[in-house]
Structures are given as C-alpha cells and as structure tokens.
Peer 1: 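Quick one: the structure is below, and I'll ask about it shortly.
Count residues from 1 along the sequence. Note that this is a predicted model, so its numbers are computed, not measured. The basis for the numbers below is simple: all heavy atoms, side chains too, and nothing from hydrogens, waters or symmetry mates.
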Amino acid sequence: MHPTTAAFVATARDLGIEVVPRTFPEGTRTAEDAAAAIGVDVGQIVKSLAFRAVHEDGSTAVVMALVSGSNRLDEKALAAVAGADHTERADADEVRAATGYAIGGVPPFGHATALDVFVDRDLLAYDEVWAAAGTPNDVFPLTPDDLVRVAGGTVADLAR
C-alpha cells in the first residue's frame with residue numbers, strides 16, 4: 001500500500017471509519033477513469049474539489065466540495081452555501097497545504113486543516129459511493145451517510 005494511502009487509512013480509522021482501499025495502477029484521476037476501473041456508474045464517484053471562498057471583505061478560506069462524478073459544480077451555489085461572495089479554484093499548492101494531498105488523490109475527509117465541506121445532494125441517491133484514498137490510483141467505497149458524517153459535511157444542491 002502506498003504510504004500516503006496507508007496514512008489516510010490510519011486517519012480514517014481515528015475518525016471512526018474503516019477504509020478498505022483498492023488500487024488501480026491504470027489510475028483513477030478522473031471520475032470517468034475511476035468509474036470505468038471500478039465498474040460503477042460515474043455518478044457514484046466522489047470528486048473532492050478544493051475551492052477558495054472569497055468573502056466581500058477580501059478574506060479567503062479553502063472549502064471542499066464533494067461532487068457526484070456525473071455533475072459539474074455550480075460555483076455560485078458553492079459560494080452561497082459557503083457564505084462567500086464568490087469562489088475560485090484553489091491552486092495545487094493551496095490544495096496540498098489545506099488537505100495534505102495532491103490534486104487527483106484528495107480524499108473527502110482527514111485533511112491537514114479543518115475545512116468546511118459541502119456534499120452534493122445527488123450523491124445521496126446511491127447506496128455506495130467511491131472516493132480517492134490519498135493517491136490518483138487508490139479509491140475506497142463508503143455509504144453516502146458515512147461520507148456526510150465523517151466529512152462533517154453540509155448537504156447542498158451543488159450541481160449545475
């Protein structure tokens with residue numbers, strides 16, 4: 001098991017959830033790649049998207065949007081639920097600093113810093129969803145209820 005994935009599994013255990021990752025050497029970097037590798041609907045893939053929420057006073061905070069793989073994020077909806085003026089995609093350095101992971105392998109919880117997390121309501125339609133486990137090649141299954149609970153997420157309409 002990749003050391004980053006092993007660290008995530010340990011963090012998840014500390015948060016009260018048992019993560020059993022699956023490794024796909026061909027990669028699961030995109031929702032479509034992940035769905036094809038796992039053999040599930042693309043909507044069951046959790047995209048962990050880090051955004052900079054920009055407030056009217058100019059202050060910013062990185063927030064996490066957990067979006068169904070079949071959806072495109074509505075940034076205006078994310079800004080609204082985050083209480084921000086608007087949002088901007090966080091750059092690779094911001095993502096790593098906020099989450100502890102590189103883009104393409106960011107898990108939905110267990111981040112390096114406390115983040116506000118918003119969960120796409122469409123993920124709740126599935127019995128099981130799949131998310132990154134710390135690398136672009138490692139994913140794990142969980143229920144949407146566990147996703148919301150462990151991530152401390154706020155369910156919202158995030159699809160456009």
Side-chain angles (χ1 to χ4, degrees), residues 1-2 4-51 53 62-82 87 89-90 95-96 98-160:
M1 183 180 306
H2 190 281
T4 302
T5 301
F8 171 68
V9 168
T11 297
R13 189 174 304 115
D14 291 345
L15 293 171
I17 189 165
E18 194 66 30
V19 166
V20 180
R22 288 186 50 196
T23 301
F24 292 92
E26 65 276 14
T28 56
R29 191 171 293 275
T30 69
E32 292 78 13
D33 291 345
I38 299 163
V40 298
D41 185 87
V42 71
Q44 290 177 261
I45 303 303
V46 178
K47 297 188 289 190
S48 298
L49 306 175
F51 276 77
V62 174
V63 298
M64 180 65 59
L66 304 178
V67 180
S68 170
S70 60
N71 291 343
R72 294 202 47 162
L73 174 67
D74 181 338
E75 290 185 45
K76 288 182 181 179
L78 177 61
V81 297
T87 59
R89 188 174 286 275
V95 172
R96 186 177 287 279
T99 68
Y101 299 92
I103 291 173
V106 177
F109 51 80
H111 304 129
T113 64
L115 300 175
D116 286 337
V117 177
F118 302 97
V119 180
D120 181 356
R121 185 176 313 282
D122 289 351
L123 288 167
L124 304 182
Y126 298 97
D127 293 332
E128 179 179 75
V129 295
W130 289 77
T135 77
N137 298 333
D138 296 297
V139 293
F140 70 101
L142 73 167
T143 67
D145 288 344
D146 281 345
L147 175 68
V148 173
R149 179 181 56 80
V150 179
T154 299
V155 177
D157 295 315
L158 298 177
R160 66 171 157 146

Peer 1: What heavy-atom pair brings T11 and G110 nearest, and what distance separates the two atoms?
Peer 2: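 That closest heavy-atom pairing would be CG2-CA, 3.7 Å.
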Peer 1: Of all heavy-atom pairs between P108 and A132, which one has the smallest distance, and what is that distance?
Peer 2: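 Closest approach of P108 to A132, heavy atoms only: CD-O, 3.8 Å.
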Peer 1: With rounding to the nearest 0.5 Å, note down the distance linking CG in L142 to CH2 in W130.
Peer 2: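 The distance works out to 10.0 Å.
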Peer 1: Would you check if the side chain of T99 reaches a backbone N or O of V95 as a donor-acceptor pair within less than 3.5 Å?
Peer 2: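 Yes.
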Peer 1: Is there a side-chain contact between V150 and L15, using heavy atoms and a 4.5 Å cut-off?
Peer 2: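 They are in side-chain contact.
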Peer 1: So which pairs with a foot in residues 146-160 pass salt bridge (Lys or Arg N to Asp or Glu O under 4.0 Å), sequence neighbours left out?
Peer 2: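 Applying salt bridge (Lys or Arg N to Asp or Glu O under 4.0 Å) to every pair that reaches into residues 146-160, excluding sequence neighbours, yields R121-D157, D146-R149.
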Peer 1: Let me see the working for L158 and F118 under side-chain contact (heavy atoms from CB on, under 4.5 Å), right down to the final yes or no.
Peer 2: CA-CA 8 Å; L158 298 177; F118 302 97; 4.0 Å; yes
Peer 1: Residues in side chain to side chain contact (heavy atoms under 4.5 Å, CB included) with N137, at least two apart?
Peer 2: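 Applying side chain to side chain contact (heavy atoms under 4.5 Å, CB included) to N137 gives T23, T135.
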Peer 1: Flag the pair I45 / V40 as yes when at least one side-chain heavy-atom distance between them is below 4.5 Å, and no otherwise.
Peer 2: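 Answer yes - side chains close enough.
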Peer 1: Minimum heavy-atom separation for L123 to P144, with atom names?
Peer 2: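 Closest pair (atom of L123, atom of P144, distance): O-CG, 3.3 Å.
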Peer 1: Hey, are S68 and D122 close enough side-chain-wise for a donor-acceptor pair under 3.5 Å?
Peer 2: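 On atom types as modelled, these side chains do not qualify, holding no pair under 3.5 Å.
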Peer 1: Test your reading of the model: is there a side-chain donor-acceptor pair from T4 to the backbone of G134, 3.5 Å cut-off?
Peer 2: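 Checking the backbone N and O of G134 against the side chain of T4, no donor-acceptor pair under 3.5 Å is found.
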Peer 1: Between the side chain of H111 and the main-chain N/O of T113, is any donor-acceptor distance below 3.5 Å?
Peer 2: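 No.
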Peer 1: Going from CG on D41 to CD on E128, what distance comes out if it is rounded to the nearest 0.5 angstrom?
Peer 2: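 So the gap between those two atoms works out to 12.5 Å.
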Peer 1: Check whether any side-chain heavy atom of V9 sits under 4.5 Å from a side-chain heavy atom of P21, and report yes or no.
Peer 2: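 Side-chain contact under 4.5 Å: yes.
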Peer 1: Can any side-chain N or O of K47 pair as donor or acceptor with the backbone N or O of R72 at less than 3.5 Å?
Peer 2: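 Such a contact is absent between K47 side chain and R72 backbone.
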Peer 1: Is any side-chain heavy atom of F51 closer than 4.5 Å to one of V62?
Peer 2: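 No, every pair of side-chain atoms sits at 4.5 Å or beyond.
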Peer 1: With rounding to the nearest 0.5 angstrom, report the CZ to CG distance, F24 to D138.
Peer 2: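 The distance works out to 9.5 Å.
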Peer 1: So do the side chains of V155 and V148 get within less than 4.5 Å of each other, counting heavy atoms only?
Peer 2: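 Result yes, sub-4.5 Å side-chain heavy-atom pair found.
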Peer 1: Distance from L147 atom CG to I17 atom CD1, nearest 0.5 Å?
Peer 2: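 Here the rounded value is 8.5 Å.
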Peer 1: So R89 and L49, do their side chains get closer than 4.5 Å, heavy atoms only?
Peer 2: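 SC-SC contact between L49 and R89 confirmed.
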Peer 1: Distance check, rounded to the nearest 0.5 Å: L78 atom CG versus T87 atom OG1?
Peer 2: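 Reported to 0.5 Å precision, the distance equals 5.0 Å.
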Peer 1: Rounded to the nearest 0.5 Å, what separation is found between the CG atom of D120 and the CG atom of N71?
Peer 2: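 So the CG of D120 and the CG of N71 are separated by 4.5 Å.
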Peer 1: Does D127 have more than 12 heavy atoms from other residues, nucleotides or ligands lying within 6.0 Å of its CG?
Peer 2: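 Check fails, neighbour count at 12 or below.
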Peer 1: Decide yes or no for T143 and V129: does some side-chain heavy atom of the first lie under 4.5 Å from some side-chain heavy atom of the second?
Peer 2: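 A side-chain contact under 4.5 Å is absent here.
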Peer 1: For the residue pair F140 and F8, categorise the inter-ring angle as parallel (less than 30°), tilted (30 to 60°) or perpendicular (more than 60°).
Peer 2: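 The rings of F140 and F8 sit tilted, inter-plane angle from 30° to 60°.
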